[in-house]
Amino acid sequence: MTVIASRGAGPFIAPAAILSLLVALVPVIFIFYNSTAGGTSVDAFASILGSSLFLRATRTTIEVSLLAGLLSVVLGYIVALHLARQPARRRAALMILVLLPFWTSILVKSYAFTIILGRDGIINSFLSWASGADIALPLIFNRIGVMVGMTNYLTPLVVFPVLASLLAIDPALYRAAEIMGAKPSRIFLTVTLPLSAPGVLAGALSAAVMSLGFFIVPALLGGKQDLMLANLVDFYTREVLDWNVASAVGVILFVLVAIFAVPAMLLRGKQQGVR
Amino acid sequence: MAGHIKDERKTAYRWLGTVLAVLVYIFLLAPSIIVIPVSFGSQYELSFPPKHYSLDLYRIFFSSEAWMQPLLLSLRVAFATTIISSIIAVPAAYAIVRFEFLGKKLLIGLIMSPLVIPSVVFALGVYLYFSYLRLTGTTVGLIIAHTMFVLPYTLVIISAGIQKLDANLEFGAMLMGAGRFRMMMTVVLPQLYPSIGAGALFAFLISFDEVVISWFLAGPNTTTLSVKMFSAIQWEISPVIAAVSTILTALSLVVCMINVLLQKKTETPA
């Protein structure tokens with residue numbers, strides 16, 4: 001980073017600073033303000049903490065985020081390992097297989113999963129055709145649908161940091177381990193896995209942060225019992241028309257995400273410091 | 001002999017890794033691919049593979065007011081968002097890369113916050129705030145919120161571009177008497193077109209695909225294509241959605257190819 005001056009940044013940064021103060025900071029203040037009815041009451045929090053709907057949504061959110069995060073780390077690792085072992089040119093080509101889903105609209109993916117997983121969807125039709133019986137597995141509008149949709153969305157997000165940390169491993173280490181007689185499984189466990197751990201951690205944290213706030217996938221692929229906190233925010237805003245309670249749920253979601261996001265940012269700062 | 005056994009085991013592991021990876025690639029790509037054949041099917045039944053191929057769904061999409069209005073609105077919002085966010089991001093990125101100033105880290109954190117804050121929380125906040133300002137249900141409100149939402153992405157891409165520039169050229173221009181503005185226009189901008197282009201492209205796609213904020217801000221006349229699609233998937237499951245999905249996938253493919261090309265470009269000089 002080359003610093004050419006310590007003064008005169010004002011006019012350059014002013015538009016972005018004003019926009020982010022007005023449109024990023026003020027909305028968050030509005031949520032905190034509304035959740036306490038202007039700092040005068042904790043009724044909104046009291047009412048959600050006593051509601052079984054909220055408690056179930058919180059439990060669902062945490063369960064689904066952890067499980068989807070874990071699944072996407074496993075799937076992302078498999079892909080990242082495969083990409084890391086390819087020659088650079090082929091890797092660039094194969095990256096398209098990860099980048100296309102990454103850039104595909106979440107709506108397109110969710111819609112596609114209704115075609116794939118639905119009652120008369122591709123999987124059920126195939127199973128019925130193959131078995132000769134009429135099979136209609138419940139794969140959608142339940143927890144399975146949510147998990148499939150979320151894992152599909154999160155996996156590319158995990159691939160990028162894991163791939164970066166795998167590519168940073170010195171190939172000489174692999175050769176040294178091999179010459180010393182380590183078996184492939186041993187090399188994986190003692191060289192590859194520990195040295196890629198920072199990427200895995202970064203990927204897992206960002207997957208957790210993303211999944212806590214998921215709204216579209218549970219709304220389109222989940223059932224009524226799979227409502228997550230984000231859907232509850234929408235429910236209280238749109239159906240119940242209680243902005244205070246909606247804001248209170250928003251505040252709790254905000255705090256939950258902060259618990260995961262702060263270590264993620266510290267981790268990133270640390271890695272940059274090392275470099 | 002021992003070496004032979006080890007090689008065999010190594011190949012076996014490679015094979016296992018490749019097979020697993022192919023399965024994950026299929027899982028990742030299946031949803032983007034599957035909508036394509038379905039979109040060329042008939043309007044009366046949703047089946048895979050379709051029994052008859054036709055362009056009916058596209059014809060319905062492009063001739064229906066209920067889809068065209070949201071499409072045009074989304075295009076308008078995405079264009080405006082792209083232009084405004086680029087105009088804001090270029091000087092901001094320059095300030096962040098080339099200047100030190102008080103509260104810089106805090107400001108960067110604030111600008112980047114829409115990446116971390118769940119979009120539903122951001123959307124609710126903007127909705128409450130814009131209700132107060134009477135901006136909900138307006139195109140202007142959508143553009144302002146989208147501009148904030150895409151700013152982190154454009155800022156990161158353009159900053160990366162500026163970091164690669166040679167600051168001595170900027171020094172030189174200013175030593176020769178060019179003012180800051182003139183220096184920006186004649187030295188920085190011409191070298192920065194690829195990054196600005198990439199940032200603009202991503203801004204466009206992100207705004208065009210954005211659902212949650214648009215869903216909260218939508219009014220009767222400000223339903224974006226993504227919001228229309230979201231409610232259509234929820235309530236009607238009409239096969240026309242497959243045609244919209246295919247168009248969106250094609251758009252993503254274009255962006256993704258440019259993404260790959262840009263990565264190559266930045267790799268070669270280094």
Side-chain angles (χ1 to χ4, degrees), chain A residues 1-6 9 12-13 15-17 19-20 23-28 30-31 34 75 78-79 81-82 92 95-101 103-105 107-113 115-116 122 152 155-156 184 209 212-213 215-216 220 230 233-234 237 243 246 250 253-254 257 261, chain B residues 9-10 13 17-18 20-21 24-25 27-29 31-32 34-35 38 48 88 91-92 94-95 97-101 107 110-111 113-114 116 118-122 124-126 128-129 144-145 148 167 170-171 205 209 211-212 226 229-230 233-234 241 245 248-249 252-253 255-256 259-260 264:
Chain A
M1 194 181 285
T2 321
V3 176
I4 64 168
S6 53
F12 287 93
I13 196 79
L19 182 75
S20 53
V23 192
L25 188 61
V26 174
V28 173
F30 258 78
I31 290 179
N34 261 283
L75 298 190
I78 290 171
V79 167
L81 201 59
H82 181 250
M95 274 305 273
I96 297 174
L97 304 183
V98 182
L99 282 168
L100 179 62
W103 284 111
T104 299
S105 158
L107 290 173
V108 172
K109 291 194 248 189
S110 302
Y111 173 67
F113 276 121
I115 301 177
I116 297 172
I122 296 172
N152 186 276
T155 303
V209 168
L212 283 172
F215 170 67
I216 304 292
L220 295 180
V233 173
D234 180 53
T237 312
W243 290 1
L253 193 52
F254 184 86
V257 166
Chain B
R9 190 180 277 151
K10 204 169 152 187
Y13 274 103
T18 308
L20 287 175
V24 182
Y25 288 132
F27 171 61
L28 290 179
L29 280 173
S32 317
I34 222 107
V35 294
V38 176
F48 179 87
I88 293 177
Y94 189 76
V97 175
R98 293 282 193 248
F99 291 87
E100 278 309 323
F101 52 88
L107 188 62
L110 190 62
I111 297 175
S113 63
V116 185
S119 41
V120 83
V121 174
F122 185 61
L124 174 66
V126 171
L128 296 174
Y129 177 38
I144 296 174
M148 185 63 228
E170 295 153 35
F171 271 133
L205 186 67
D209 276 351
V211 200
V212 182
S226 55
M229 210 176 144
F230 179 60
I233 298 173
Q234 252 178 326
I241 304 168
S245 297
L248 287 180
T249 303
S252 315
L253 186 65
V255 170
C256 150
N259 192 346
V260 171
K264 263 195 197 145

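Below, chains carry the letters A, B, ... as their sequence lines are ordered, and counting in each starts from 1. Basis for what follows: all heavy atoms, side chains included, without hydrogens, waters or symmetry-related copies.
Heavy atoms of B:S113 lying under 4.5 Å from chain A belong exclusively to its side chain. The parts of B:V126 that come within reach of chain A are both its backbone and its side chain, each placing non-hydrogen atoms under 4.5 angstrom from that chain. Both the backbone and the side chain of B:L20 come within less than 4.5 Å of a heavy atom of chain A.
The greatest number of non-hydrogen atom pairs below 4.5 Å with chain A, out of B:G17, B:P114, B:S119, B:A95, is found for B:A95. When B:V211, B:I144, B:T249 are compared by the number of non-hydrogen pairs under 4.5 Å with chain A, B:V211 comes out ahead. Most heavy-atom pairs under 4.5 Å with chain B: of the set A:S20, A:P101, A:S105, this distinction falls to A:S20. The candidate with the highest count of non-hydrogen atom pairs below 4.5 Å against chain B, out of A:G213, A:A230, A:P156, is A:A230. Highest contact tally toward chain B, considering only A:I96, A:L107, A:T237, is held by A:L107 [criterion: heavy-atom pairs under 4.5 Å]. The candidate from B:I111, B:L248, B:L124 with the greatest count of non-hydrogen atom pairs under 4.5 Å with chain A is B:L124. Among the candidates A:T155, A:V28, A:V26, A:L81, the residue making the largest number of heavy-atom pairs closer than 4.5 Å to chain B is A:V26. Of the listed residues A:V23, A:V257, A:N152, A:L220, the one with more heavy-atom pairs under 4.5 angstrom with chain B than any other is A:N152. When the candidates B:L107, B:L110, B:T18 are compared by the number of heavy-atom contacts under 4.5 Å with chain A, B:L110 comes out ahead.
The shortest heavy-atom contact between A:A24 and B:F122 is CA-CE1, 4.0 Å.
Here the side chains of A:V209 and B:V116 are in contact, with some heavy-atom distance below 4.5 Å. Two residues are said to be in side-chain contact when any heavy atoms from C-beta on lie closer than 4.5 Å; B:P31 and A:T104 fail this criterion. A 4.5 Å side-chain heavy-atom check between B:P118 and A:L212 finds every atom pair outside the cut-off. Side-chain atoms of B:S252 and A:L100, non-hydrogen and from C-beta on, do get closer than 4.5 Å to each other.
The aromatic ring centres of B:F230 and A:F215 sit less than 6.0 Å apart.
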**Message:** Evaluate A:V233 against B:V121 for side chain to side chain contact (heavy atoms under 4.5 Å, CB included), listing each step before the verdict.
**Reply:** CA-CA 8 Å; A:V233 173; B:V121 174; 5.5 Å; no
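Summarising the geometry, atom CE belonging to B:M229 is positioned 8.0 Å from atom OH belonging to A:Y111; distances are rounded to the nearest 0.5 Å. Here CD1 of B:I34 is found 4.5 Å from CD1 of A:I116. Values are rounded to the nearest 0.5 Å. To the nearest 0.5 Å, atoms OH (B:Y129) and CG (A:L25) are separated by 10.0 Å. Residue A:L75 holds its CG atom at 6.5 Å from CZ of B:F27, rounded to the nearest 0.5 Å.
The aromatic rings of A:H82 and B:Y25 sit perpendicular, their planes meeting at an angle over 60°, well past the 30° parallel limit.
Side-chain atoms of B:S245 never come within 3.5 Å of backbone atoms of A:V108 as a donor-acceptor pair (strictly under, hydrogens ignored).
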